[in-house]
Amino acid sequence: MSDRRRINGPVGATIPPVSEDGASREVAGSRGGRSRPPNAIRKMYLKTGVTPSASGSAYLEIETSGRSGVSGLKLSCTVHGPRSLPRSSPFSPHIILSTHVKYAPFATRQRRGYLRDPSERDLGTHLEAALRGAIIADRWPKSGVDIIVSIIEGDQDRETSKTQGDESWDLMNALSGCITVASAALADAGIDCVDTVAGGVAALVSDKGDASPSIVIDPIPSEHDRILAACCIAYLPTRDEVTNLWFKGDLPASDTELYTKLVEKGIQASAKANRVLVECLGETVG
Amino acid sequence: MASTQHVLLSPAELAYLHAALSLTPPIRPDGRAPAQFRPLVAETGILPGTNGSARICFADGTEAIVGVKAEVERTRLVDGATAGTEWKEGGSARGEGEDDDGGDKAGDSDWVELTVEIPGYRDDDAGTAFLAAMLSEALLADGAFAKRLWINRRFHWKLYLDVLLISPPLSYPLPLLSLTTHLALLATRLPRLKSEGDEDPFFDDDWAAARHLFPRSSSSTTKESARPPVTLLVMAVGNNIIFDPAKEELAVADVALAVSVAEDTTAAATTAATMDLDDAAAPAARSLRLLSIRTIDPPSRLTPPGVPNAANSAYGATTAQKQPEARTAEAEAVEGVWRAPRGGAKPLVMAALVQKVLEKGGVADEILDALDAVDLG
Amino acid sequence: MPREAEPSLNEKQFIVQALGEKLRLDGREFDQYRPLELTFGDQYGVANVTLGKTRVLAKVSAEVTVPYVDRPLDGVFTIATELGPMASPAFEVGRPTETEVLLARLLEKTVRRSGALDTESLCLVAGQKCWSVRVDVHVLAHDGNLIDASCFAVVAALRHFRKPDTSIASGQLTVYTPAEREPVPLSWLHSPFCVTWSFFGDDGETALLDATWAEEQVRVSSCTVSLNRHGEICQIAKLGGVPVEAVALLQCTAVALTKAKEFSTFLDGKLAEDAKRRNKGGFMAELSSENDR
Amino acid sequence: MATSSGTTSVAIPGQLLGPASKFQPGPGTHIHNANLYSSLLGVVHASQPAKPPGPAKRLTKITVPTQTPAELPTLSVSRTGVSEKREVLPEVGNTVLCRVTRITPRQAVVAILICGDTVLEAEWQGLIRVQDVRATEKDKVKIYESFRPGDIVRAEVISLGDQANFYLSTARNELGVILATSEAGNNMYPVNWKEYMDPETGLSELRKVAKPY
Amino acid sequence: MPLDTSAYSLALLRVDGRRWNELRRIHAQIRTQAAADGSSYLEIGHTKVMCVVTGPSEPGSRRGAIGSTGGGVGGGAVGGGAAQSKGAEVAVSIVIAGFSSVDRKRTARGDKRILELQSTISNALAASLHTHLFPHSAINISLHVLSQDGSLLAALINAATLACVDAGIPMTDYVAACTAGSTSTYAANDEAADPLLDLNHQEEQELPGLTVATLGGSDRVAVLVCESRVQVSRLEGMLAVGVDGCKQVREILDRVVREKGRRMVQEGTVEKGVGLNDMDVD
């Protein structure tokens, strides 16, 4: 599926050559470890109502970790609607949710095309599942809402290019960001939700230093040597319910408590993010 | 999209289904036990033109065919030595695919390309992408699989999995597709390598000499898990846990999960890192590994709600003059009247679902045993 | 998708019945074409074909591009068909209708796959530079038998086309403007023409050539045969429809051959005329660097 | 926490507003296991109930009494002040203002502009079927004698209708055309219950005229 | 790999050891799938196709999606009344599996060649099926190509016919198809050239050939597709062989259907009715 609408840049090599200072080189072996305590999420900046034309919108920015070349996550989400459905579509007693997640072409090391690739569609489906649980769909019969999240900058480490396996873990961070920002935008658009939903990521990582792997929340893949497993969770704090769970990795089934611990941490992370969300929403009014 | 295709059930039917399924024990429309799968017919090696193929027919008539084709491909040189500057060219076709590369025989997620074809759905449909992502995610979750495709430092096998759903998607096809893929991979053979070292590979023409991608003998000394993963669809209604739900059952699900598990016949873990997590499981016993979990958005959220008599004007509910933005009357759920579920699921329920899959002698065990029975032609 | 307005039952019956009595609405013989007109544009490679009320315009353009990696020795040759709303309200711009797809395929098979144009001659520098010849078929008016008309237009335009002359000196490619050097024609191997039969009646006993739109709407099936004047079949397409006796088909092909020969001579004549019109006094002939083949 | 106090304060989705036994759920709220939660980001309003609604109309059949205990105050979360952009969905029973876009012998297609006192963002399409134009002598109603494209009509929503249209009715005195322009293009004024008159030309045209307040 | 046709003139044997008028092994099954209204599986040599028929059913929105991916089927004037309200619309959608050919390639849905195949099959069947019995309804035929080794169109048509029989859609007669070719390429105008029956992939690449589909036992040609240059004189021979081949194919298909019917009677899945009686005779 190629994009014929526009003139695309050359596929692949679109990364500006990074002049690598020796410092970062030799640490590349053991890349600069995690600077935060394992139970802390990165600082995030959330603001609603950034796009006047949309009926609801929000912007989320996650602090870049201290080291050079590592970019933080920057997301903007716009919500259009509720609007009447196209005439072709059948009657629906609920609001029809359609979610689009799109990486800006320059958001990642590997240039993204303008057309949505499978991974972006995949993210969209995850996001849809997460939000469906949160909104009260029957408040808006026969109407639809479009939720468009554009990832302006995915948090990726330019230095660590070899470990392309990280990209898959980046997806999780991106998803959690998408969920949080979309929830804020939904609230801004005035679409009924049972609760604010935020995303959180917890990962089981093993670093060179410590022998046994540890569980951290909101991991930056480039800060860890190996990520054994990770889960991204969308959580409704006041109802204590999970609307979306995405686990990936490799865990022995023999001890499920490891898995449950991971999920708990994920919920923690989500709850932390939710506090920011609530605060931000509180400020917007009055 | 495949999971939230419209179910043509009236609120009354939904309410009845939900009630029946939340009984203890639940009463399923087709009379299955909660943990019972639909009976299926399976055969492998149906397509001599492929490296491996399988066909599974569920009793309800849904049918899938998976063909595996392998091609030799030159490995792109992304080496630890030049990590700083090298980046991978033209990964444009990538999308679904994960792995964590460990060990010298690094596997690459791009070595596996999995496509799903569902009749009547565009192949770039979100649901199709979701299915494909889920299947390959489970496949690649542990780097072990991609490593099997390693030929030498310059070449590797590129594996194409084409997953075809033959029948129209009656129920959510995930379990079917996953099982078929599993069998196809089990039946997959690669020609035996005759060349040594890093020279251009050439292979033994004798198909009989071809080695299986997943060696048969369970006493293999390979450290990787000796079987491809399976993805199970499990849902919860009330406090009942139901496996392999049919379309109607999925329509009243409170929550639905897709859980991917693989086994390794040896107690040795995949990687040195997980070694010590893996509390000593008996070497003989099959020890499962949890690879991935995804929440499936149940179509129940899109079902039409029933109207309780209290709110039904036919029963004389006075529809008072409402000022705008007074939304549909918010009422407590009335017994026996269907309401589309709101919110998510309690973490405990989720945990219970996963537990049910993973526990020793649980459903995953049964399925894998059942699949063992299938003879690989 | 807007569908073509169907003729009423009466119209249909009238047409069929008339055919039963060996009569066509426009009084033609069954194997007679409507008057075929061909005019060339001022610039090379523009052919305007009118067949009765059907009118098709084909334009050829050429540019230097990079050949496909899998065929480094071949030039690029594409035929683009466009059935706009101008031709008939049933056609949309966005999505190709079945008619358009089939037309495109037929032209593709007739002209491209039959090797009418020697694509290897379009190669300039192997693997690096080659001519990309593109034919754009615009259907201006649709009154039946698009296929024959378009095919004729494409062939005519291609044979009329002149591409700029080039020379390669020490790996240096130079493309000359018409002022510098007389453009050269494409190296053309053979000229295939489509002849479309339409069948009527319950089991297709009546066969018609060059059906009008009204006739096409009531026909039960059709068969398109592409031949060149050497009696080579380039393509036959009877895509479904009511079955027709095999013998009848053979006869159709025989007649089609004669028609193709007529087309061929007609086209040659037109080209000659045009050539004469273009070089008054014939001093162009001396200027032109190409020896005619 | 904005609870029973009822003073205006900010609520965000999922915020606890109080027990459902104490309050009536208003717009922008929802009930989750016997508690009233906010479902919108907005300002909480607690409105004391109006006089207990007596039997609005005599019911022709025996029914279960569905009078909610009227003394409970209604909690609602409104978006006023949060943002001026607020979308509301026309509901059964709402009075809406709409413009006639197309008429056929069977129905008049309208675009709903204002629902209650809210100007709608999105374009919602409505339908006034010929049998809903008038309460009496429905069989004599002619659409072209009731509406013309361009008229502004006050109507009431009677059904969510099919996928495309809301079904509207003007079968009440105060409902109908409130603004009409003549053939000549001048604004006209109502002369009686079924006529508008053009002040310039003096010609009168037939409409289903809404009774001016 | 150029196929040396010289060998043929010596032993009169083709690359796969067949005589000029031999079909490859045709193996077919019907009712292969419980869920579908009609289904079939057909092999011609190594060409393997599967067919699933749903309908005649109400043309719903999702069905419409299939129809549209199936490329505006039967919309054309040759649709035999398909897509008009008078008769059922025959919507065909073809999925060519990535692993079907020798070296794997993905074929896009919008591929013109596939669209052509789809409309060909749809039109061919629409003419033979009694679509006028099912107004305002749709017959959805979805074909899956599992492996291709020549004679693809023929295999698809045969499979579709079988599936329609299984679906119990009334039709005039089987639409049976096969391919025919001719030795020595178009350039050589030798009269010694023999016609060949049922080309495999290699022969299709090298030799001129055509696909014929006839209605039942008659000589009436429903589909005739020739995509290669060939002397017009050669056509008659090829056509004759092709039509004859179609007769053979029809017999095979017929046998498959009767066999299945007989078995179903024995198993008692259907009661032995009149229709099956005259099925047993002859």
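In what follows, chains are A, B, ... by sequence order, proteins preceding strands, each numbered from 1.
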Residues two or more places apart in sequence or in another chain: which of them pass salt bridge (charged side-chain N to carboxylate O under 4.0 Å, His left out) with D:E174? D:R172
Considering all heavy atoms, the nearest A:I136-D:S39 contact: CD1-CB, 3.7 Å
Just wondering, more than 12 heavy atoms not from D:R99 lying within 6.0 Å of its CZ? no
With only heavy atoms counted, which part of A:I191 is less than 4.5 Å from chain D, the side chain, the backbone, both or neither? backbone
To the nearest 0.5 Å, how far apart are CD in A:E241 and NE2 in D:H32? 5.0 Å
For D:W124 against A:S143, the heavy-atom pair lying closest together: CH2-CB, 3.5 Å
Are A:D192 and D:H30 close enough that some pair of their side-chain heavy atoms sits under 4.5 Å apart? no
Checking A:K142 side chain against D:N165 main chain: does a donor-acceptor pair fall under 3.5 Å? yes
Using a cut-off of 6.0 Å, state whether more than 12 heavy atoms not belonging to A:K272 lie near its atom NZ. yes
Most heavy-atom pairs under 4.5 angstrom with chain D, which of A:S84, A:G49, A:P237, A:A134? A:S84
Straight-line distance of A:R83 CZ to D:L120 CG, nearest 0.5 Å: 14.5 Å
Measure across D:I12 and A:G282 and return the closest heavy-atom pair with its distance rounded to 0.1 Å. CG2-N, 4.3 Å
Name the member of A:V197, A:T196, A:L277 that forms the most heavy-atom pairs with chain D at distances under 4.5 Å. A:T196
Got a sec, which residues hit salt bridge (charged side-chain N to carboxylate O under 4.0 Å, His left out) with D:R207, two or more places apart in sequence or on another chain? D:D151, D:E205
For D:P13 and A:C193, which heavy atoms make the closest approach, and how far apart are they? CB-O, 3.9 Å
For residues A:P141 and D:L160, report the shortest heavy-atom separation together with the two atoms involved. CG-CD1, 3.6 Å
Supply the atom-to-atom distance D:L41 CG to A:L281 CG, rounded to the nearest 0.5 angstrom. 5.5 Å
